[in-house]
2 protein chains.
Amino acid sequence: MADTKSAVGRLYLREEELRQVIELLFFAYRDFTSDLDAILRSCRFGRAHHRVIHFVGRHPGISVADLLGILRITKQSLSRVLNQLIAGGYISQRPDANDRRRRMLALTEKGRELERRLSAPQQARVARAFREAGAEAVEGYRRVLTGLIDDENRAAILRLIGRP
Amino acid sequence: MADTKSAVGRLYLREEELRQVIELLFFAYRDFTSDLDAILRSCRFGRAHHRVIHFVGRHPGISVADLLGILRITKQSLSRVLNQLIAGGYISQRPDANDRRRRMLALTEKGRELERRLSAPQQARVARAFREAGAEAVEGYRRVLTGLIDDENRAAILRLIGRP
DNA sequence: CAAGATAAGTCAACATGGCTGACACAAAGT
DNA sequence: ACTTTGTGTCAGCCATGTTGACTTATCTTG
């Protein structure tokens, strides 16, 4: 009897804990992504543009196909925002010397400047969270978030973000 | 000279670290939210419906205004999905006895069943990440994510998810 | 070399889920 | 009685995702 009750109690607590973690992810992501909307609106861009700016900035010379693999959207969705960014002079394209079908994407100087403006508030937010939480907590954060990623993607993502 | 170089080096590492954390959040959120799409499609619902189901499930009797405060969307956006959920028999409404303008929202039995189906894969994913990362890491995860939340919202959110 | 595969681009149509603005109505507070 | 508040609704717009079909250039392979 006592066993059953305690087991139920622990299950309940466990589920509560899981829910907290899920909701924390929702709220943190919500606030985290809301930082940039003001800056983006001033360029008539949205969050999709930001994601492209971010990943092209991080991986200069990235191909369209690789970018699609990161963002997990269709070519058609990407092309809309990418064309706007190219037309606006934020991103440049040039054929890969080894395979001239591939277009290497990179930020222009204008693009880098926008990238800096966009990443600054997010980096400040993360830096603050780091200071408050401490280095150990950061390591825990990384371990848990890494565990949340799909198995099939994990290795590729860790390679991508440079944590081998 | 050496000082400058080392300072620059540390700044660079620091920025790298910040970027890793930012990208980890992106990828984890991406995979985490993709779990449910198949189930949702079978009900002709989207992620917006899931968020409503989730928070109404967690807070039975919640008012429309409070739900809007959590989701941070407009009344008009919410009403679209909420009406579909009510029409489908997933959510019930009844006036609050104390203030009959307020409509208390709650899941019906059908809604609870859907909620269970939706939360199961996410809870499994989080539980797996917990096991792999360990309890300490989970505490670190919580501390960092809590730090990412806007100051103005933090207290309210911690109260909401039950971590006073 | 010819044939097929691959990378990229494009057009068209559609779905989802945000937004603003304007307005209506019932209930509560003064 | 008048105002404020909580909710609902209509109408339209925008951002960003989707599918499907097709083209073009280039690389790879039998």
Side-chain angles (χ1 to χ4, degrees), chain A residues 26 29-30 33-34 36-56 61-88 91-106, chain B residues 26 29-30 33-34 36-56 61-88 91-106:
Chain A
F26 168 78
Y29 195 83
R30 183 194 72 176
T33 55
S34 71
L36 313 128
D37 289 349
I39 304 173
L40 288 167
R41 280 182 73 113
S42 72
C43 325
R44 304 290 188 95
F45 288 152
R47 291 182 186 177
H49 301 82
H50 172 233
R51 290 194 286 271
V52 172
I53 288 275
H54 175 92
F55 285 107
V56 172
I62 191 175
S63 71
V64 172
D66 287 347
L67 189 52
L68 288 175
I70 290 175
L71 298 173
R72 294 283 175 82
I73 58 177
T74 59
K75 186 175 51 163
Q76 296 91 325
S77 297
L78 175 59
S79 97
R80 191 162 29 203
V81 294
L82 189 53
N83 285 335
Q84 290 166 9
L85 289 167
I86 291 170
I91 286 186
S92 66
Q93 262 182 327
R94 45 175 270 249
D96 181 342
N98 291 78
D99 181 342
R100 293 197 321 266
R101 290 170 306 181
R102 298 166 68 95
R103 315 284 167 91
M104 296 170 46
L105 305 174
Chain B
F26 168 78
Y29 195 83
R30 183 194 72 174
T33 55
S34 71
L36 313 130
D37 290 350
I39 304 173
L40 288 167
R41 280 182 73 112
S42 72
C43 323
R44 305 289 187 92
F45 289 153
R47 290 184 188 178
H49 300 83
H50 173 232
R51 290 193 286 271
V52 172
I53 289 274
H54 175 92
F55 285 107
V56 171
I62 192 175
S63 70
V64 171
D66 288 346
L67 189 52
L68 288 175
I70 290 175
L71 298 173
R72 293 282 174 84
I73 58 176
T74 60
K75 185 175 54 162
Q76 295 91 324
S77 297
L78 174 60
S79 97
R80 192 161 30 201
V81 295
L82 190 53
N83 285 335
Q84 289 166 9
L85 289 167
I86 292 170
I91 286 185
S92 66
Q93 262 181 326
R94 43 175 272 246
D96 181 342
N98 292 76
D99 182 342
R100 290 195 326 263
R101 289 171 305 182
R102 297 167 67 95
R103 313 285 167 91
M104 297 169 46
L105 305 174

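Using cut-offs of 30° and 60° on the angle between ring planes, the pair A:His54 and A:His50 is perpendicular.
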Problem set entry | Steps toward side-chain hydrogen bond (donor to acceptor under 3.5 Å, both in side chains) verdict (A:Arg47, A:Thr33) | CA-CA 8 Å; A:Arg47 291 182 186 177; A:Thr33 55; 3.2 Å; yes

Problem set entry | Verdict with supporting geometry, B:Asp96 and B:Arg101, salt bridge (Lys or Arg N to Asp or Glu O under 4.0 Å) | CA-CA 7 Å; B:Asp96 181 342; B:Arg101 289 171 305 182; over 6 Å; no

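Of the candidates A:Leu67, A:Leu82, A:Leu85, A:Val56 forms a side-chain contact (heavy atoms from CB on, under 4.5 Å) with just one, namely A:Leu67.
Place A:Ser79 and A:Asp99 on DNA chain C by their nearest nucleotides, and A:Asp99 ends up nearer the 5' end. Between B:Leu105 and B:Arg101, the residue anchored nearer the 5' end of DNA chain D, judged by the nucleotide with its closest heavy atom, is B:Arg101.
When rounded to the nearest whole Å, the span between CZ of A:Arg94 and P of C:dA8 equals 14 Å. Distance, B:Leu68 CG to C:dT20 P: 13 Å, rounded to whole Å.
Looking only at distances, no side-chain donor or acceptor of A:Asp66 sits under 3.5 Å from a matching main-chain atom of A:Ile62.
Annotation: ring-ring contact (aromatic ring centres under 6.0 Å, His included) contacts of A:Tyr29 (sequence neighbours excluded): B:Tyr29.
Between A:Arg103 and C:dG9 there is a side-chain polar atom (N or O) within less than 4.0 angstrom of OP1 or OP2. Distances shown here put a side-chain N or O of A:Asn83 below 4.0 Å from the OP1 or OP2 atom of C:dT10.
Residue A:Arg94 places its CZ atom among 12 or fewer non-hydrogen atoms of other residues, nucleotides or ligands, all under 6.0 Å distant.
Read 5' to 3', the first and last nucleotides of DNA chain D with an atom closer than 4.0 Å to a heavy atom of chain B are D:dT5 to D:dC10.
Within the model, atoms CG of B:Leu78 and CZ of B:Arg51 stand 11.0 Å from one another, a figure rounded to the nearest 0.5 Å.
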Heteroatom pairs (N/O) under 3.5 angstrom, protein to nucleotides 15-19 of chain C:
from	atom 1	to	atom 2	distance (Å)
C:dG17	OP1	B:Arg47	N	2.8
C:dG17	OP1	B:Ala48	N	3.2
C:dG18	OP1	B:Arg51	NH2	2.1
C:dG18	N7	B:Arg80	NH2	2.4
C:dG18	O6	B:Arg80	NH1	3.4
C:dG18	O6	B:Arg80	NH2	3.4
C:dC19	OP2	B:Thr74	N	2.6
C:dC19	OP2	B:Thr74	OG1	3.1
C:dC19	OP2	B:Ser77	OG	3.4

